[in-house]
Amino acid sequence: MEQYIVGQISEFPERRGKIFKMGELELAMFKLSDGTIKAVENSCPHKQGKLSEGIVCDGHVYCPLHDWKINLTNGVVQEPDEGCVKTFEVTVESNGDVVLHIDASRLMVS
Amino acid sequence: MKKLVMIGNGMAGVSFVEQLLKLNPNRYEITIIGAEPHPNYNRIMLSSVLAGEATMEDIVLNSWEWYKENNIQLHAGQTATAVDTANRTVTTDQGVTVAYDELVFATGSLPFMLPLPGADKEGVIAFRDIKDCETMLDASKRYKKAVVIGGGLLGLEAARGLINLNMEVSVVHIHHYLMERQLDETAAKLLQAELERQGIKFLLSKNSDTIIGGDRVEGLTFKDGTTAEADLLVMAVGIKANVGVAKEAGVEVNRGIVVNDYMETNTPNVYALGECAEHRGMVYGLVAPLYEQGAILAKKLAGVDSEGYKGSVLSTKLKISGVNVFSAGDFSDSPETRALRVQDDLDGVYKKVVFRDGKVQGAVLFGDTADGSKLFSYMRSGEDFTGREKEVLFGASGGKSSGPEDLVKAMSGDEIVCGCNGVTKDTIVESITEKGCVSVQEIKACTKASGSCGGCKPLVEAILLATVGADNVSAVKEGICGCTSHSRDEVVESIQRMRLTTSREVMAVLDWKNPEGCSKCRPALNYYLGMVWPAEHEDEQESRFVNERNHANIQKDGTFSVVPRIYGGVTTPEDLKRIAEVAEKYEVPLVKITGGQRIDLLGVKKEDLPKMWKDLDMPSGYAYGKSLRTVKTCVGNTFCRFGTQDSIKMGIDMEKKFERLNTPHKVKLAVSGCPRNCAESTIKDLGVIAIDGGWELYVAGNGGTKVRAAELLVKVKTEEEVLEWTGAYLQYYREDAHYLERTSEWAQRIGLDTVKKALEKKEDRDALNARIDKTLDLMKDPWQQIIEDDGLRSAFDALTAPVVTEAAAAGEPKA
């Protein structure tokens with residue numbers, strides 16, 4: 001498991017997406033109303049819409065292209081649509097650092 | 001698969017096929033042979049086409065695609081000429097032969113043409129199909145005088161349509177009053193007076209004798225020696241069942257093709273339904289019984305048991321030239337009957353209910369037909385009203401009144417609710433209980449009920465209410481999204497009354513089901529809040545759609561497009577050079593001229609957007625927003641030899657005044673310098689056309705998904721007045737429309753007259769303009785704001801991985 005400090009919590013506007021890029025990897029990161037940060041791959045399973053641009057409601061993001069609703073904690077697409085996106089663990093340190101945890105072996109799979 | 005062939009492609013037949021497909025979609029290979037070169041259309045609405053209220057396309061019930069999707073082989077424009085019942089084949093006039101296992105005659109009826117001398121002259125037609133309609137439309141352009149023979153429903157509708165086409169119309173009728181089968185003399189006289197007021201002349205108690213003229217009709221003489229001039233003569237004296245082919249094939253025919261209770265003829269595997277069929281001595285011409293027959297036959301051919309068709313009790317509910325008329329049963333007076341009569345000349349209402357032994361035997365209603373369904377259900381139930389007859393019209397005094405729920409209860413399941421589309425009460429109930437419809441809109445989408453003329457909407461509402469129960473009435477209400485049952489008006493009213501200024505407050509106060517809403521209500525609430533409280537509400541970026549949040553249009557690959565403002569479509573070499581330089585600098589893959597007279601730079605990376613805006617140094621064109629998009633202009637009198645006014649300046653003034661305005665949906669304007677209308681003002685949300693000495697303002701047009709011509713709102717003299725009316729109109733739209741409702745949908749929903757009324761007084765327009773000006777004063781160019789604000793700009797930057805990785809970088813060990 002590798003860890004990256006991707007920024008400060010203050011850089012994340014509430015219920016708005018930020019894009020995180022590293023090599024080929026592109027994640028959509030969101031600060032929810034409760035202050036937690038969620039990270040998912042930045043591509044809707046439907047037509048690869050940029051989830052980072054979606055509207056966030058109660059821990060879900062709506063894809064900006066065709067309004068698919070995706071749970072940001074487990075990555076599951078909500079009914080009536082089907083599918084799943086990869087999720088990534090994020091922690092916020094006491095000094096405000098936002099730390100992304102990535103399992104390198106999982107990256108290889110993608 | 002068995003082969004089902006139907007001769008006839010009309011309302012009764014195709015409705016039968018639809019019901020059959022619902023019951024058993026895979027049982028038959030279906031072929032339909034139809035003489036008219038059209039898909040199935042709503043024949044009842046032909047009068048609306050003549051009246052100019054609907055187009056031919058509007059009245060199509062089943063599109064060509066419908067036939068394809070359901071694998072129905074359609075031979076349109078072919079007439080079946082022979083049926084061989086021994087070998088089971090049908091042959092058409094174009095030599096096509098189709099084999100069948102089951103054959104259905106749905107050949108409908110033919111107009112009855114009086115065998116008058118001269119009936120073969122040019123300009124003598126019936127009123128039955130689209131072709132007749134086209135002939136009438138065509139004739140109205142070249143001729144002036146029309147005579148309609150027949151004072152029944154069809155004749156009066158034809159007459160009304162011809163009046164709308166600016167012809168002089170006389171209706172000839174053999175009886176001494178109109179529509180004698182549906183109306184009593186009193187109601188008929190009231191109707192006649194109303195129609196005379198609308199311009200129709202009547203020649204009653206007239207026996208037609210000879211049609212005179214050369215090749216083309218010139219007039220009509222009567223048996224009493226009088227004459228009437230006519231360039232067009234429409235015969236609407238009645239219809240007769242179209243039974244020719246069936247008769248020649250040896251199928252038993254009387255007045256119609258004789259069928260039993262299961263629509264079977266005397267020939268094996270041959271059926272008939274609709275206007276061509278005769279059941280228990282009756283040939284029906286109204287649409288409701290035909291649908292009932294179709295339902296029975298569909299069950300029969302799908303292998304579903306039914307009790308068979310028992311005949312229909314008829315009621316007639318009609319709208320003739322804007323007058324509602326209802327009749328049912330036997331409403332003539334006799335020594336054994338007593339009648340309850342109400343006549344109100346002030347409101348133009350007449351009601352007559354005939355009782356025999358205390359039971360309702362028949363009724364006529366004129367002007368106000370709200371009691372029609374109730375009276376009809378009393379007739380069918382045979383309820384005894386002895387001693388309390390007046391209750392049928394006035395309700396029980398003090399006792400229980402007969403509400404719509406009682407009426408719904410009294411209806412049987414197979415009773416047709418929507419006559420236009422043949423939808424039964426059962427089908428509607430099913431759509432509610434099994435498909436979860438909770439509003440009339442959804443029921444309409446699901447079943448088509450109330451989708452054509454809309455006359456049955458109150459009844460559909462009553463069924464909905466009766467089905468879900470009065471306790472669940474709140475659930476019936478359609479909220480602005482799934483998070484709430486509150487309507488748009490309730491939400492806006494709450495925002496005003498309780499001075500709510502954030503989405504969170506609205507959701508908390510109005511008890512939203514999802515605490516943070518959804519992608520539908522969040523942008524809507526943000527709009528409503530900003531509309532009601534322009535100064536107090538802080539725009540909520542997190543509730544904006546991606547394009548409005550980024551002030552650019554997202555493309556399918558996640559890149560964006562940039563459209564700078566080019567006022568009125570007028571640019572300069574300087575601006576063009578700068579746009580070109582920016583396009584090169586950022587390696588913009590596609591540069592395109594838009595339909596709104598400006599330039600689109602497509603394929604821009606999100607992080608480049610703020611830098612590009614800075615280099616462009618032009619205001620945002622709002623090509624991404626629910627906002628004023630463009631004001632399209634033509635050259636006008638600046639250069640054009642036809643131009644009557646300075647349309648360019650007018651357009652630029654409008655765009656400068658109203659740019660950046662948040663609106664329920666996008667708004668497109670145009671200004672044309674003369675009636676040639678080169679800026680296409682008549683398909684805009686608001687379009688201005690210059691005329692000599694003034695301007696015409698057209699509103700509620702649309703050139704998009706559903707093309708709609710704009711309608712004239714007002715003619716004004718000065719440019720100041722154009723701005724004043726435009727401001728008032730746009731603000732009224734902002735304050736009244738639903739979020740995501742275009743002006744064309746909005747104006748159709750509330751009616752253009754309502755719009756006109758709201759804007760007709762100067763003081764009302766001034767008040768609207770004061771409010772729009774207040775909002776406009778607060779708006780700033782978003783690109784400039786983002787360029788100047790580091791915080792806003794950083795939202796466009798992507799995060800990247802730091803150079804140093806591993807836990808050590810964070811300064812402390814991580815689990």
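By convention in this document, chain letters (A, B, ...) are assigned in the order of the sequence lines, proteins followed by strands, and residues within each chain are numbered from 1. Note: hydrogens, waters and symmetry copies are ignored here, and every other heavy atom, side chains too, is used.
Salt bridge Glu540(B)/Arg522(B): absent, no basic N to carboxylate O contact under 4.0 Å.
No hydrogens or angles considered: a donor-acceptor pair under 3.5 Å links the side chains of Asn42(A) and Ser52(A). Asn526(B) and His537(B) share a donor-acceptor pair across their side chains, judged by distance under 3.5 Å alone.
Ranked by heavy-atom pairs shorter than 4.5 Å toward chain B, the options Arg16(A), Met29(A), Glu11(A), Lys50(A) are led by Arg16(A). Comparing Val61(A), Leu100(A), Asp58(A) by how many heavy-atom pairs each has under 4.5 Å with chain B, the most go to Asp58(A).
Within the 4.5 angstrom heavy-atom criterion, only side-chain atoms of Asp67(A), from C-beta onward, approach chain B. The contact between Asn550(B) and chain A is made entirely by side chain atoms (from C-beta outward), counting heavy-atom distances below 4.5 Å. Of the atoms belonging to Glu14(A), heavy atoms from both backbone and side chain fall under 4.5 Å from chain B. Interface residue Glu607(B): only side-chain heavy atoms are found under 4.5 Å from chain A. Within the 4.5 angstrom heavy-atom criterion, atoms from both the backbone and the side chain of Lys21(A) approach chain B.
Between His101(A) and Phe88(A), the gap from one ring centroid to the other reaches at least 6.0 Å.
For the pair Ser494(B) and Leu510(B), the minimum side-chain heavy-atom distance is below 4.5 Å.
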